Structure formats: C-alpha cells, structure tokens
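Worksheet: one structure, shown below.
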Amino acid sequence: MRATFDASLWFPKDNFFASRLVKAPTELTPSTNLYSSFVGDARPNRVFGSQVTIVGDAAHAHGDAFAAGGSLALDDSLALGLAFKEVFSSSKATFSNENINKAFGLYSQTRQPHTARLLGIVRSQIDKKGTIFATHEEEVALVARMTGRPSTEWLLEHGVEAAFTAVVERLEGAQRHALPARKQREMERFSSKEASCRIDLLIALMSI
Ligand SMILES: Cc1cc2nc3c(=O)[nH]c(=O)nc-3n(C[C@H](O)[C@H](O)[C@H](O)COP(=O)(O)OP(=O)(O)OC[C@H]3O[C@@H](n4cnc5c(N)ncnc54)[C@H](O)[C@@H]3O)c2cc1C
C-alpha cells in the first residue's frame with residue numbers, strides 16, 4: 001500500500017505501481033491507511049538519558065530508498081550486540097547506568113555516521129526530484145539520472161564489525177592519550193610483565 005503511494009510520487013503517473021490496477025483496490029478498502037514515505041533527520045546521537053536508545057527506522061527513517069531499511073535495522077542490532085559484549089563481557093562489569101550508557105555510546109558512534117550519510121543522500125535526491133518522465137527527451141534524462149546515481153557500494157558492503165572495532169580503538173587511543181605519563185609507564189610495565197609470564201608458561205607447557 002505504501003509502495004503505491006510512494007510510486008505516485010517517484011514514478012511517472014502511468015507507471016504500473018501508480019496505475020488504477022494497483023490504486024483501485026486501495027481506494028475500495030477504506031480501512032487501508034496510506035502513509036507518506038517519511039524521511040527523518042540524522043540524529044547527532046541515539047542515546048537518550050543513560051538507559052534508552054533506538055534502532056532501525058526509529059533512528060533513521062529514510063523513506064525506503066535503496067531498499068536498505070531492513071538490513072540497516074539488522075546492522076544496528078548487530079552493533080548494539082557488539083557494544084554490550086564489549087562492555088559487559090568482563091565478569092567485573094556491573095549493570096550500572098554508566099556502563100549501559102557506555103555501551104549505547106559505542107553503538108551510536110558505530111552506526112550514526114553511516115546512516116547520517118545515507119539520510120544526506122536521500123534528502124539531496126528528494127530535493128532534485130519532481131520531474132515526470134513522459135517524452136523521449138525526459139526518458140533520456142531519466143536514464144542519465146539513474147546511471148548517474150551515487151554508488152551504493154559503501155552502503156551495501158558496509159562492515160559493522162570493522163566500524164565497531166575502529167570506534168573502540170579510537171576511544172581507547174584517546175583514553176591512553178589522556179592518561180598521565182606515569183600511569184602509561186605503569187601500564188606498559190604491567191603488559192610486558194604479563195607477556196613474559198605468558199612466555200614462561202608456554203615454555204613450561206612445551207617441556208611437559
Ligand atoms: C513498501 C516497503 C518496502 C520495503 N522494502 C525493503 C527492502 O526491499 N529491503 C529492505 O531492507 N528494507 C525495505 N523496507 C524497509 C524495512 O521494511 C524497514 O526499514 C524495516 O522494517 C525497519 O525495521 P524496524 O524494526 O526498525 O521497524 P518496523 O519493522 O516498522 O517495526 C516496528 C514495530 O513496532 C510496532 N509498534 C509501533 N508502535 C508501537 C507501540 N506504540 N507499541 C508497540 N509496538 C509498536 C509496529 O507495529 C512494528 O511492528 C521497505 C519498507 C516499505 C514500507
């Protein structure tokens with residue numbers, strides 16, 4: 001139903017989806033609601049307070065462009081799962097507001113730039129549309145417009161795990177940078193001690 005409504009905006013009026021054949025049944029069923037294809041704004045982040053976040057269309061409704069909303073919603077869920085795993089996999093991690101907020105922050109930073117880019121593209125395309133392609137010249141213009149569309153490889157081939165790892169690494173790097181030099185030396189001493197313990201253990205195991 002929604003596709004029908006959308007089609008009348010996006011396609012020529014004689015397009016199959018905008019035709020009487022498809023429209024007539026919707027007009028015969030008064031209980032059918034037709035919704036316009038909503039394109040939301042890119043939110044700066046998706047965390048509300050410390051305990052609420054949003055995924056899927058609620059976070060980035062983009063009017064079904066590129067038929068990607070379903071996979072984006074699944075990618076959001078994957079990123080949220082990775083964030084929970086990152087924060088709560090340690091047995092010492094408590095279910096505190098601070099930790100929940102940290103997980104939501106990781107999730108939001110992983111996904112927000114990706115969907116903001118998509119919303120930017122969709123909005124710029126909406127601003128351009130409005131032409132009804134009926135004559136040959138207009139058809140040529142339509143073909144040119146379709147072939148000149150921005151590549152969607154970045155959207156469809158996006159790796160959520162890689163984006164998530166980049167966010168974690170960036171935040172850890174910033175945190176290390178913020179540590180006083182004394183604390184950094186202590187941490188380096190600790191990790192080299194830990195490495196030498198691991199090597200001792202390996203040698204001991206190999207000699208059994
Ligand atoms: C015509 C059309 C074609 C599409 N084609 C594609 C496609 O080919 N590929 C693709 O990837 N995506 C496609 N999409 C987009 C995709 O369907 C959506 O992006 C995706 O379903 C979003 O998932 P979601 O879980 O965020 O939201 P939804 O699937 O909308 O789920 C939200 C749920 O919340 C429920 N709800 C709402 N309010 C309340 C409330 N107050 N209390 C309790 N429950 C509530 C709703 O009933 C609904 O079940 C298409 C969308 C449309 C409309």
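Quantities reported herein were computed from a predicted structural model and do not represent experimental measurements. For the numbers below, each heavy atom of this structure counts, side chains included, while hydrogens, waters and symmetry mates do not. The chain is numbered in sequence order, starting from 1.
Distance check, rounded to the nearest 0.5 Å: CG of Asp75 to OG1 of Thr110 gives 11.0 Å. Note that the NZ atom of Lys102 and the OG atom of Ser96 stand 9.5 Å from one another [nearest 0.5 Å]. Rounding to the nearest 0.5 Å gives a distance of 6.5 Å between CZ of Phe66 and CG of Leu118.
Between His114 and Trp154, the two ring planes are perpendicular [angle over 60°; tilted spans 30° to 60°].
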Using side-chain contact (heavy atoms from CB on, under 4.5 Å), reason through Glu86 and Leu106 one step at a time and then give a plain yes or no. CA-CA 9 Å; Glu86 174 74 20; Leu106 286 174; 3.8 Å; yes
Using the rule given for side-chain contact (heavy atoms from CB on, under 4.5 Å), can you reason through Thr152 versus Ile121, listing the C-alpha separation, both sets of side-chain angles and the distance that settles it, and then say yes or no? CA-CA 10 Å; Thr152 50; Ile121 292 175; over 6 Å; no
Would Leu82 and Tyr107 count as a side-chain contact (heavy atoms from CB on, under 4.5 Å) if you check the C-alpha gap in whole Å, the side-chain angles of each, and the deciding distance to 0.1 Å? CA-CA 8 Å; Leu82 289 170; Tyr107 152 69; over 6 Å; no
CA sep, side-chain torsions, deciding dist, call: Arg46, His60, side-chain contact (heavy atoms from CB on, under 4.5 Å): CA-CA 10 Å; Arg46 301 182 184 179; His60 44 76; 3.3 Å; yes
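Checked by atom type, the side-chain pair Thr165/Arg170 shows no donor-acceptor distance below 3.5 Å. Side-chain contact check for His62 and Asp57: no donor-acceptor pair (N or O, by modelled atom type) lies under 3.5 Å. No hydrogens or angles considered: a donor-acceptor pair under 3.5 Å links the side chains of Asn97 and Gln51.
Counting all heavy atoms, side chain and backbone alike, Ala61 lies closest to Leu119 at O-CD2, 3.3 Å. Considering all non-hydrogen atoms of both residues, Gly56 and Ala73 come closest at CA-CB, 3.7 Å. Closest non-hydrogen pair, Ala65 versus Val122, comes out as CB-CG2, 3.7 Å.
Side-chain atoms of Arg117 do not come within 3.5 Å of backbone N or O of Gln112 as any donor-acceptor pair. In this structure, the side chain of Asn45 does not engage the main chain of Ser108 through any donor-acceptor pair within 3.5 Å.
Under the 4.5 Å side-chain heavy-atom criterion for ILVMFWY residues, no single connected hydrophobic cluster contains both Leu72 and Leu74. Following chains of ILVMFWY side-chain contacts shorter than 4.5 Å, one cannot reach Leu155 starting from Val55, and the two form parts of different hydrophobic clusters. Under the 4.5 Å side-chain contact rule for hydrophobic residues, Phe104 and Phe48 do not share a cluster. Both Leu80 and Val167 belong to a single network of hydrophobic side chains, linked directly or stepwise wherever heavy atoms of I, L, V, M, F, W or Y lie under 4.5 Å apart.
Counting only heavy atoms from C-beta outward, the side chains of Arg111 and Val160 approach each other to under 4.5 Å.
A side-chain contact (heavy atoms from CB on, under 4.5 Å) with Val47 holds for exactly one of Ile54, Ile100, Val52, Asn101; it is Asn101.
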